[in-house]
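The figures that follow rest on heavy atoms only: side chains count, while hydrogens, waters and symmetry mates do not. Computed from a predicted structure; not experimentally measured.
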Amino acid sequence: SSVGVSAFSTTLQQQCAAPFGRRHRTCRLSSTADDDNLSKADRLAQQAEKLRQQIRDMEASLDPNRNAARNFQPPSTQPQDEPENAEMTLQGKRILVTGANGRLGSMVCRYLLRNHPQTQVVAAVHYVGEESFTSRGYGRLSYEVGAEDGVGTIGPAWSSSDERTASFQYTDAMKDYNLQNLRLVECELLDPVQCQSIVEGCDAVIWCATDFNGNQPRAISGLNMAFLFRAVTVPDKGRVEIEGLQNMLGALKQERLERMRRQGRTTPPANDPINFVLVSTDPEALADFETPFGNFIGLKRQGETMMQQDFPSLKSVALQMGRYDDNFVEEGLPISFDTATNSQNEDAEAESGSSRTPTTVVQRKINRRDAARAAVEALTKPELLDQTVQVYTATKNQRR
């Protein structure tokens, strides 16, 4: 046994030798040192237990609900039963607005920001290449949402360089503009990959994009040589009214399927708004116009039909807006949503390719700001689900 103790002591001494070439120090076994270390550990453990008991006593003397909060378990990711009659809401939702730099699209963004402060707005602006003439910029959108209402300063040209630095500050009057809820994205709607990218995380889309200014293509109405050049050189690039709309519908459908899969759902939440609001044109609002890609009225009806027949899983509505009139139609009038019958659409398609017999028709009109309000309100109107409706605030008999 003495031999064993000696061998053990030798091994322990070698393991406790100081490194880096220092002189080895013998690690002596001492039962007294071990007892002291154990006693110190016991004392620390006892002190820790006393502290724990003090904490428990303090919590017991406070609000008993704090204990429940400490034991709170996060809810299961599995969706719970929801009432079928849950009211549609835009609170906490993210809405994508295409054509956001157009006259109507910019007003839609403004209405969303100022009337739904708990809603995120993604403004999609047309983009075709760096410094391209077909890129329309953000001027109209910036003006409409009030981003230019701040106070800007700049020093005179003869002042020092520091004083010549321009500055821009937001004012207290802009606090209700809710510009912090606005995100600007550039997108070519004829590119399905870009559509998939900008729709990520969005709950609904308001489609205000169009290739037309009124009933004429932008390349013709504005004598825009860049748009005209693109239309001639790349005739198979597509049409925003059809191919662009199809890309966005497909992207939104895929996004919603992925979201339900991540959430473990088989159906979307009952309080979700209508997924897609398509801003179209009333058959009697504008005269027809023939283009190489199809006539104006026919393209509008084709887009409406495609949305409802090819994408039935999306909750959608087509708004056939009356003729826009910001000069003689007042703003803030009651909005009428009349169901568009199949006969009206069929008659419009049949007459679009031939000369019409002079007759008196009822032309529906609407101020653009009311049209923007109608597009936003349509998101939370369940009675409009999967419908095609004519939207207007005033009527006028017109002979054609």
Side-chain angles (χ1 to χ4, degrees), residues 97-115 136 139-146 148-149 206-218 220-224 241 277-289 295-297 299-301 304 317-341 344-345 347-348 351-352 355-379 381 384 388-400:
V97 181
T98 64
N101 197 42
R103 281 177 286 184
L104 179 63
S106 60
M107 293 180 185
V108 169
C109 293
R110 172 193 174 104
Y111 188 85
L112 277 168
L113 290 171
R114 301 196 182 186
N115 294 274
R136 303 176 59 196
R140 184 179 287 117
L141 175 63
S142 176
Y143 167 78
E144 195 64 41
V145 300
E148 302 174 1
D149 290 356
I206 299 179
W207 179 272
C208 300
T210 178
D211 270 332
F212 292 86
N213 184 11
N215 64 341
Q216 296 183 356
R218 296 187 185 278
I220 299 176
S221 64
L223 296 179
N224 190 315
E241 253 76 12
V277 173
L278 171 61
V279 176
S280 187
T281 306
D282 188 292
E284 302 295 344
L286 298 168
D288 203 4
F289 191 91
N295 61 322
F296 169 72
I297 294 179
L299 288 173
K300 293 296 184 181
R301 301 294 86 81
E304 297 167 6
V317 58
L319 304 182
Q320 295 182 352
M321 292 291 182
R323 186 183 183 93
Y324 297 129
D325 190 341
D326 300 337
N327 296 321
F328 301 103
V329 177
E330 296 180 7
E331 176 187 350
L333 297 176
I335 300 175
S336 298
F337 295 90
D338 291 350
T339 302
T341 61
Q344 288 175 316
N345 290 332
D347 291 343
E351 294 176 359
S352 61
S355 60
R356 297 184 178 184
T357 303
T359 183
T360 300
V361 297
V362 177
Q363 187 179 63
R364 302 167 183 85
K365 294 185 176 184
I366 189 170
N367 187 289
R368 276 191 178 84
R369 294 203 182 277
D370 285 335
R373 174 163 60 96
V376 175
E377 290 180 354
L379 289 170
K381 284 184 174 292
L384 300 182
T388 299
V389 295
Q390 295 171 334
V391 184
Y392 61 95
T393 58
T395 59
K396 177 183 178 181
N397 293 332
Q398 183 172 350
R399 186 172 180 80
R400 286 185 177 179

- [ ] Flag yes if more than 12 heavy atoms outside E330 fall under 6.0 Å of its CD atom; otherwise flag no.
- [x]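 Count not over threshold, so no.
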
Salt bridge (charged side-chain N to carboxylate O under 4.0 Å, His left out) partners for D326, two or more places apart: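 Testing D326 for salt bridge (charged side-chain N to carboxylate O under 4.0 Å, His left out), a comparison that skips the adjacent residues, returns R368.
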
With the threshold set at 4.0 Å, does a side-chain nitrogen-carboxylate oxygen contact exist between R364 and E284?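 Salt bridge flag = no for E284 with R364.
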
Any side-chain heavy-atom pair of [X] and [Y] under 4.5 Å:
X	Y	value
V389	L384	yes
I366	V329	no
K381	F337	yes
T210	K300	yes
F212	L299	yes
T98	I206	no
L319	V277	yes
W207	V279	no

Output the distance between atom CG (D370) and atom CD (E377), rounded to the nearest 0.5 Å.
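The CD atom of E377 is 9.0 Å from CG of D370, to the nearest 0.5 Å.
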
Atom OH in Y392, atom CG in L333: separation rounded to 0.5 Å?
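Reported to 0.5 Å precision, the distance equals 12.5 Å.
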
How close do [X] and [Y] get, heavy atom to heavy atom, and via which atoms?
X	Y	value
V145	S106	CG1-O, 4.5 Å
L286	R323	CD2-NH1, 3.1 Å
N367	R369	OD1-N, 2.9 Å
N101	G139	OD1-N, 3.9 Å
I297	P283	CD1-O, 3.8 Å
G322	A285	C-CB, 4.0 Å

query = Quick one: does D288's side chain have a donor or acceptor within less than 3.5 Å of a partner on F296's backbone?
reply =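 Side chain of D288 to backbone of F296: a pair is present.
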
task = Test S280 against every option in R301, Q390, Q320 by the side chain to side chain donor-acceptor pair (under 3.5 Å) rule and name the one that passes.
result =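 Among R301, Q390, Q320, the one that satisfies the side chain to side chain donor-acceptor pair (under 3.5 Å) with S280 is R301.
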
